[in-house]
Structures are given as C-alpha cells and as structure tokens.
Amino acid sequence: MFDRLQKPFLTVETGEAYQPIRLTYALLQPEKLLQTLEGLQCIQKNPTPNSWSWYWKAECDDLHFESVNSYQRAPDRPLRLATITLRDGKVLVNLTSFKRACLAVPFFHKMLNKEVLNIHVADFINKVFSLDERLPHGFAELFKDDELDRILHQRVADYYQVKEKVELAPSAEEALNLLSEYTKVEAKKRLPYAERYSFEIREEDDPDVIFLAFYIYLRGRELVAIKRWFGQVGFALSESTEDTLAQVFGEMGIDIID
C-alpha cells in the first residue's frame with residue numbers, strides 16, 4: 001500500500017484519470033447516421049470498416065477540460081477523444097475518461113437527434129490504473145454484458161424493494177429511517193470493478209438534467225477511485241456524492257441546503 005501511495009495514477013492527455021468507458025446507442029436510422037458523420041469535420045473515418053475517430057477540433061473545438069493547462073494543443077495534430085464503432089445495430093463510443101464521456105453525451109445529442117440515435121447505457125471501470133499496470137486489450141475484454149446487466153438489475157431491484165417498504169411504512173419517521181439505512185448500506189458497498197449506467201430518457205425530460213445526473217454519478221465514482229488509490233480506503237460513495245453536489249450547485253450559485 002505504501003508503494004502505491006508514492007505512485008501517481010495513469011492519466012489521459014487532458015489530465016483526467018484514465019478510466020475506460022463505453023457509451024452504447026440504439027441505432028434507428030443508419031443512413032442518416034452515416035450522412036451526418038461524413039458531414040462533421042471532427043469525425044474521421046478509420047481504415048477499419050464501420051469505425052470512426054472523434055477529434056477535438058472544428059464542431060467540438062470549444063469543449064472544456066479543467067486540467068488541460070499542461071496540454072499543448074497542436075492544430076495540425078488534433079487530439080482523438082473517442083473511437084466510434086457501428087456493430088449489430090448499435091453505435092459504440094469508446095472513451096478513456098469519465099470527463100470525455102460527459103462531454104460526448106450532450107455533443108452527440110446535439111449533432112444526432114433521437115430519431116437517429118438513442119443513448120442506452122454507459123459501461124465503465126471503477127478504478128484508476130498505475131503507470132506500469134497492464135492495461136486491458138480492447139474494450140471487449142473489459143465489459144461483459146451478462147455481468148453488467150446482473151449488477152444493474154440487482155441495484156434497481158434493491159431500490160424498488162426499499163421504495164415499497166418506505167411507501168408502506170406506518171409513519172413518516174419509520175419511512176425516513178428505512179431510507180436512511182438503505183443509503184448507509186449502499187454507501188458502504190464495494191463498487192464493482194465494472195458497472196453499467198442506464199439512461200432513462202422520457203419525452204418530457206429536460207436533456208440538460210439527464211446530462212447533469214450522468215456527470216454527478218460518474219464524478220462521484222471517479223472521486224472514490226482516486227481517494228482510495230491514495231490510501232483513503234474508507235472513503236464512501238456518500239462522501240463523494242456530497243462533495244460533487246456541493247461543487248456542482250455551488251458553481252451554479254444554488255444553495256442546496258434550502
């Protein structure tokens with residue numbers, strides 16, 4: 001453990017922790033997708049069939065990275081942010097940091113409307129890597145659909161079980177106690193190595209709220225991974241969530257206590 005505390009973790013070019021994440025979209029209009037991708041200057045076709053690269057330039061040139069000060073951008077060598085693959089009626093967007101995923105979701109929502117693509121899930125890794133650690137060979141090695149679905153369904157089932165108990169509680173005090181205990185238990189659980197986030201977007205939902213919820217969810221897990229890397233093994237998800245909410249709403253000038 002002491003050796004680890006002396007070592008920095010692996011980061012990507014723009015300074016964030018290296019944490020592989022894959023966005024999966026349901027493809028509704030393949031021809032419209034191809035037409036749009038061909039028209040975007042920030043997208044470049046790869047030699048591999050049904051594969052593209054997304055670069056930090058042109059339409060997404062104004063994307064902001066907080067830790068980018070040490071990265072010197074070269075106009076003639078734009079940074080690749082993600083790879084995009086069309087497979088089995090789905091579009092897979094592979095990225096190397098949570099921050100890039102949080103920027104990608106609203107960007108592609110803007111460029112490709114819901115009649116063309118519908119975002120379905122995000123699969124990600126709940127750890128940071130050492131500089132000399134063997135990295136997985138490709139995203140297929142990282143994410144197993146059956147296991148990710150099992151974890152997601154169990155989490156949802158646990159939530160609805162507690163929700164039913166809260167609704168049937170004989171008093172508001174008991175309902176609050178049930179909810180408080182559930183929150184404590186969830187906060188102490190060890191995060192799985194790989195996890196799945198499911199997007200539930202309804203017609204009446206505000207996309208910006210959906211994107212913010214996704215950011216808060218990922219940022220909390222990123223913070224847990226980093227804190228535990230530096231030895232705070234007891235750092236709980238509830239603490240990281242509180243920190244994230246305070247940061248987000250503080251920057252927005254909103255007092256969440258009220």
Side-chain angles (χ1 to χ4, degrees), residues 19-46 48-56 58-60 62-63 80-126 138-140 142-157 159-160 192 194-222:
Q19 288 183 275
I21 178 166
R22 179 181 67 191
L23 306 174
T24 300
Y25 291 81
L27 178 56
L28 306 179
Q29 295 187 35
E31 292 184 2
K32 182 65 175 178
L33 170 70
L34 297 178
Q35 180 183 352
T36 303
L37 292 180
E38 289 174 1
L40 292 173
Q41 297 179 52
C42 62
I43 301 293
Q44 181 177 314
K45 185 75 175 65
N46 294 328
T48 306
N50 297 321
S51 176
W52 298 262
S53 289
W54 178 40
Y55 288 96
W56 188 15
E59 296 88 354
C60 63
D62 60 348
L63 293 182
R80 184 170 67 175
L81 299 175
T83 58
I84 304 168
T85 306
L86 177 58
R87 184 188 306 158
D88 300 328
K90 298 177 182 178
V91 174
L92 308 178
V93 181
N94 295 332
L95 309 106
T96 53
S97 78
F98 289 1
K99 174 66 176 182
R100 294 184 184 189
C102 289
L103 293 172
V105 172
F107 176 79
F108 287 110
H109 176 82
K110 177 182 177 181
M111 295 297 168
L112 294 156
N113 61 47
K114 61 185 179 181
E115 281 73 35
V116 179
L117 283 180
N118 265 338
I119 190 163
H120 180 44
V121 297
D123 301 327
F124 56 90
I125 300 299
N126 275 316
F139 279 63
L142 288 171
F143 304 120
K144 309 299 181 185
D145 280 334
D146 291 346
E147 179 65 13
L148 290 167
D149 273 336
R150 183 192 66 78
I151 294 171
L152 175 62
H153 291 156
Q154 184 61 58
R155 190 171 70 231
V156 172
Y159 166 77
Y160 279 108
E195 191 175 357
R196 170 164 287 174
Y197 180 93
S198 180
F199 289 87
E200 302 290 342
I201 305 178
R202 300 167 299 182
E203 187 69 31
E204 65 271 19
D205 288 336
D206 182 345
D208 288 336
V209 174
I210 300 296
F211 305 152
L212 179 60
F214 181 53
Y215 168 78
I216 291 172
Y217 193 91
L218 287 185
R219 201 267 182 176
R221 280 155 171 74
E222 178 188 43

*Pairs touching residues 94-108 that satisfy salt bridge (Lys or Arg N to Asp or Glu O under 4.0 Å), sequence neighbours left out*: E13-R100, E16-R100, E66-K99
*Just wondering, more than 12 heavy atoms not from Q41 lying within 6.0 Å of its CD?*
no
*Answer yes or no: are there more than 12 heavy-atom neighbours, outside K110 itself, under 6.0 Å from its atom NZ?*
no
*side-chain contact (heavy atoms from CB on, under 4.5 Å) partner of I21, the single match among D123, N94, I125, L218*: L218
For the student: nearest non-hydrogen atoms of [X] and [Y], plus distance:
X: A122; Y: L23; answer: CB-CD2, 3.7 Å
X: V116; Y: K32; answer: CG2-CG, 3.3 Å
X: R80; Y: S53; answer: CD-OG, 3.2 Å
X: E59; Y: F107; answer: O-CE1, 3.8 Å
X: Y55; Y: Q44; answer: CE1-CB, 3.7 Å
X: A58; Y: C42; answer: CB-N, 4.1 Å

With rounding to the nearest 0.5 Å, note down the distance linking [atom1] in [X] to [atom2] in [Y].
X: F199; Y: H120; atom1: CZ; atom2: NE2; answer: 11.0 Å
X: R22; Y: T96; atom1: CZ; atom2: OG1; answer: 15.0 Å
X: E222; Y: C102; atom1: CD; atom2: SG; answer: 8.5 Å
X: E31; Y: T36; atom1: CD; atom2: OG1; answer: 11.5 Å
X: R221; Y: F124; atom1: CZ; atom2: CZ; answer: 5.5 Å
X: L112; Y: I119; atom1: CG; atom2: CD1; answer: 11.5 Å

_Counterpart residues, side chain to side chain contact (heavy atoms under 4.5 Å, CB included), relative to I84 (two or more places apart)_ = I43, W52, W54, V91, V93, F108
*asked:* Using the rule given for side chain to side chain contact (heavy atoms under 4.5 Å, CB included), can you reason through L103 versus L81, listing the C-alpha separation, both sets of side-chain angles and the distance that settles it, and then say yes or no?
replied: CA-CA 10 Å; L103 293 172; L81 299 175; over 6 Å; no
_For a side chain to side chain contact (heavy atoms under 4.5 Å, CB included) check, start with the C-alpha distance between L92 and T24, then their side-chain angles and the critical distance, and finish with the verdict._
CA-CA 5 Å; L92 308 178; T24 300; 3.5 Å; yes
_Check: Y197 ring centroid to F214 ring centroid under 6.0 Å_ = yes
*Check the pair L117, L27 against side chain to side chain contact (heavy atoms under 4.5 Å, CB included), reporting the backbone distance first and the verdict last.*
CA-CA 5 Å; L117 283 180; L27 178 56; 3.8 Å; yes
*Within the side chain of D206, is there an N or O that forms a donor-acceptor pair under 3.5 Å with the backbone of D208?*
yes
